[in-house]
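In what follows, chains are A, B, ... by sequence order, proteins preceding strands, each numbered from 1.
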Number of protein chains: 2
Amino acid sequence: MTFGQFIRDRRERLRETDRRFSVRQVAQRICVEPAYLSKIEREEVAPPSEEKIRALAQELGEDVDVLLAMAGKVSSDLLAIIRKRPTLFADLIRQLKSSPDHAILRVVRKVRDGDW
Amino acid sequence: MTFGQFIRDRRERLRETDRRFSVRQVAQRICVEPAYLSKIEREEVAPPSEEKIRALAQELGEDVDVLLAMAGKVSSDLLAIIRKRPTLFADLIRQLKSSPDHAILRVVRKVRDGDW
DNA sequence: TTTAGTGTGTAGTATATAGTACACATGACA
DNA sequence: TGTCATGTGTACTATATACTACACACTAAA
């Protein structure tokens with residue numbers, strides 16, 4: 001599923017039980033023109049900026065990192081972390097490229113719990 | 001040290017022993033106009049595209065990820081890896097944000113050697 | 001003393017990014 | 001039966017990105 005399709009799907013799903021989720025009203029809450037949101041959903045234009053994607057994620061109750069990924073982007077806070085120690089993170093990420101999810105999750109948990 | 005300064009420094013250092021490292025000749029080898037490389041080094045313009053930064057890194061014998069980081073960028077191959085599993089990598093990277101280098105290095109080695 | 005190479009100033013361009021503004025037809029509803 | 005809200009078509013716009021093209025003054029070597 002692409003970004004626009006996904007947004008439309010989620011918004012319409014919410015709309016079934018809440019009239020506040022019309023294109024117009026959502027557009028107003030995330031501070032864009034209704035026509036623009038409409039075009040985003042129909043993929044007549046590229047996905048919006050990170051800022052607007054964050055607002056959309058908030059509004060629709062979806063994960064920001066997932067929405068950004070669908071939009072072909074990576075959260076700017078992650079980029080900043082990587083840029084501070086480029087070789088370290090580059091090595092790590094390339095290393096984990098072909099690791100299964102459960103291996104990465106284990107690393108996340110180990111680091112979080114500090115049991116090294 | 002900023003990107004432009006760094007490039008100028010490394011190029012001039014190489015130039016001391018090799019006349020092939022003039023602005024003009026390096027520019028030609030990385031396929032840009034000499035005036036443009038000159039401006040990049042003096043930071044009259046923003047750093048160039050990832051492609052040109054890669055060529056520069058190759059040319060000057062420097063690390064691509066470090067040069068990209070200095071230019072405020074992150075390698076597109078890393079972005080692609082993150083985008084494929086956004087929440088997993090987002091959690092991991094945020095988790096490691098405040099971990100010391102040696103802890104991250106240990107993870108890299110553990111994953112590489114597969115000794116889990 | 002020509003000539004070949006050097007760095008840089010000025011001016012301009014093509015394409016992408018991230019939208020706005022307004023008008024219009026349609027549908028709901030009071 | 002008017003009016004209010006809805007989604008969308010069309011036409012722009014401003015700013016950023018990523019450069020090119022040419023000219024000029026200076027320097028070093030032949």
Side-chain angles (χ1 to χ4, degrees), chain A residues 2-57 59-60 64 67-76 79, chain B residues 2-57 59-60 64 67-68 70-76 79 83:
Chain A
T2 59
F3 180 81
Q5 284 168 17
F6 187 80
I7 296 298
R8 167 138 300 188
D9 183 81
R10 298 302 139 142
R11 187 185 54 72
E12 290 193 331
R13 202 161 293 192
L14 288 165
R15 182 145 196 234
E16 285 168 15
T17 58
D18 190 340
R19 282 168 31 267
R20 291 172 56 258
F21 287 91
S22 66
V23 167
R24 271 167 196 271
Q25 294 198 39
V26 171
Q28 187 172 37
R29 288 199 296 279
I30 67 166
C31 302
V32 297
E33 289 292 312
Y36 184 45
L37 179 54
S38 172
K39 274 178 282 197
I40 289 168
E41 289 189 349
R42 287 171 298 121
E43 277 156 20
E44 205 187 290
V45 298
S49 63
E50 178 169 343
E51 187 197 338
K52 304 302 179 188
I53 292 175
R54 284 186 182 283
L56 265 175
E59 196 57 43
L60 304 177
V64 179
L67 283 196
L68 286 170
M70 288 184 131
K73 301 177 197 267
V74 171
S75 179
S76 52
L79 300 183
Chain B
T2 60
F3 180 80
Q5 284 168 16
F6 187 80
I7 296 298
R8 168 137 300 187
D9 183 81
R10 299 302 140 140
R11 188 185 54 72
E12 290 193 331
R13 203 162 292 192
L14 288 165
R15 183 147 195 232
E16 284 167 17
T17 59
D18 190 341
R19 282 167 31 265
R20 293 172 54 260
F21 287 91
S22 67
V23 167
R24 271 167 196 272
Q25 294 197 40
V26 171
Q28 187 172 37
R29 290 199 295 280
I30 67 166
C31 303
V32 298
E33 290 293 311
Y36 183 45
L37 178 55
S38 172
K39 275 177 283 198
I40 288 167
E41 289 188 349
R42 288 171 295 122
E43 277 155 20
E44 206 187 289
V45 299
S49 64
E50 177 168 344
E51 189 198 337
K52 302 304 178 186
I53 292 175
R54 285 187 182 282
L56 266 175
E59 196 57 44
L60 304 177
V64 179
L67 283 196
L68 285 171
M70 289 184 130
K73 300 175 198 269
V74 170
S75 178
S76 53
L79 299 183
R83 281 200 307 265

Using a cut-off of less than 4.0 Å, is there contact between a side-chain N or O of [X] and OP1 or OP2 of [N]?
{"X": "Arg8(A)", "N": "dG7(D)", "answer": "no"}
{"X": "Arg20(B)", "N": "dT6(C)", "answer": "no"}
{"X": "Ser49(A)", "N": "dT17(C)", "answer": "no"}
{"X": "Ser22(B)", "N": "dT6(C)", "answer": "yes"}
{"X": "Arg11(A)", "N": "dT6(D)", "answer": "no"}
{"X": "Lys39(A)", "N": "dA21(C)", "answer": "no"}
{"X": "Arg19(B)", "N": "dA28(D)", "answer": "no"}

Sugar-phosphate only, base, or nothing, as touched by Val45(A) at under 4.0 Å among non-hydrogen atoms: nothing

Salt-bridge criterion met for Arg11(B) and Glu41(B) (N-O under 4.0 Å): yes

Cys31(B) or Glu41(A), whichever maps to the more 5' nucleotide of DNA chain D: Glu41(A)

Nearest-nucleotide comparison on DNA chain D, the residue closer to the 5′ end among Arg24(B) and Lys52(B): Lys52(B)

Can you tell me which nucleotide in [options] comes closest to the side chain of [X]?
{"X": "Pro48(B)", "options": "dT6(C), dA21(D), dC19(D)", "answer": "dC19(D)"}
{"X": "Val23(A)", "options": "dT8(D), dA18(D), dT8(C)", "answer": "dT8(D)"}
{"X": "Ala35(A)", "options": "dC22(C), dG7(D), dT8(C)", "answer": "dC22(C)"}
{"X": "Arg15(A)", "options": "dT8(C), dT6(C), dG7(D)", "answer": "dG7(D)"}

Main-chain N/O of Val26(A) paired to Glu59(A) side chain as donor or acceptor, under 3.5 Å: no

Whether Lys52(B) side chain and Cys31(B) backbone form a donor-acceptor pair below 3.5 Å: yes

Can you check the [X] [atom1] to [N] [atom2] distance for me, whole Å?
{"X": "Gln28(B)", "N": "dA4(C)", "atom1": "CD", "atom2": "C1'", "value": "14 Å"}
{"X": "Ile40(A)", "N": "dG19(C)", "atom1": "CD1", "atom2": "P", "value": "7 Å"}
{"X": "Leu37(A)", "N": "dT20(C)", "atom1": "CG", "atom2": "P", "value": "11 Å"}
{"X": "Tyr36(A)", "N": "dT10(D)", "atom1": "OH", "atom2": "P", "value": "19 Å"}
{"X": "Asp18(A)", "N": "dT6(D)", "atom1": "CG", "atom2": "P", "value": "12 Å"}
{"X": "Leu56(B)", "N": "dA18(D)", "atom1": "CG", "atom2": "P", "value": "14 Å"}
{"X": "Glu44(B)", "N": "dC19(D)", "atom1": "CD", "atom2": "P", "value": "16 Å"}

CD/Glu51(B): more than 12 non-hydrogen atoms of other groups inside 6.0 Å: no

Validation row: Glu44(A), Ser38(A) side chains within 4.5 angstrom (heavy atoms): no

First encountered from the 5' end of DNA chain C, between Glu33(A) and Phe21(B): Phe21(B)

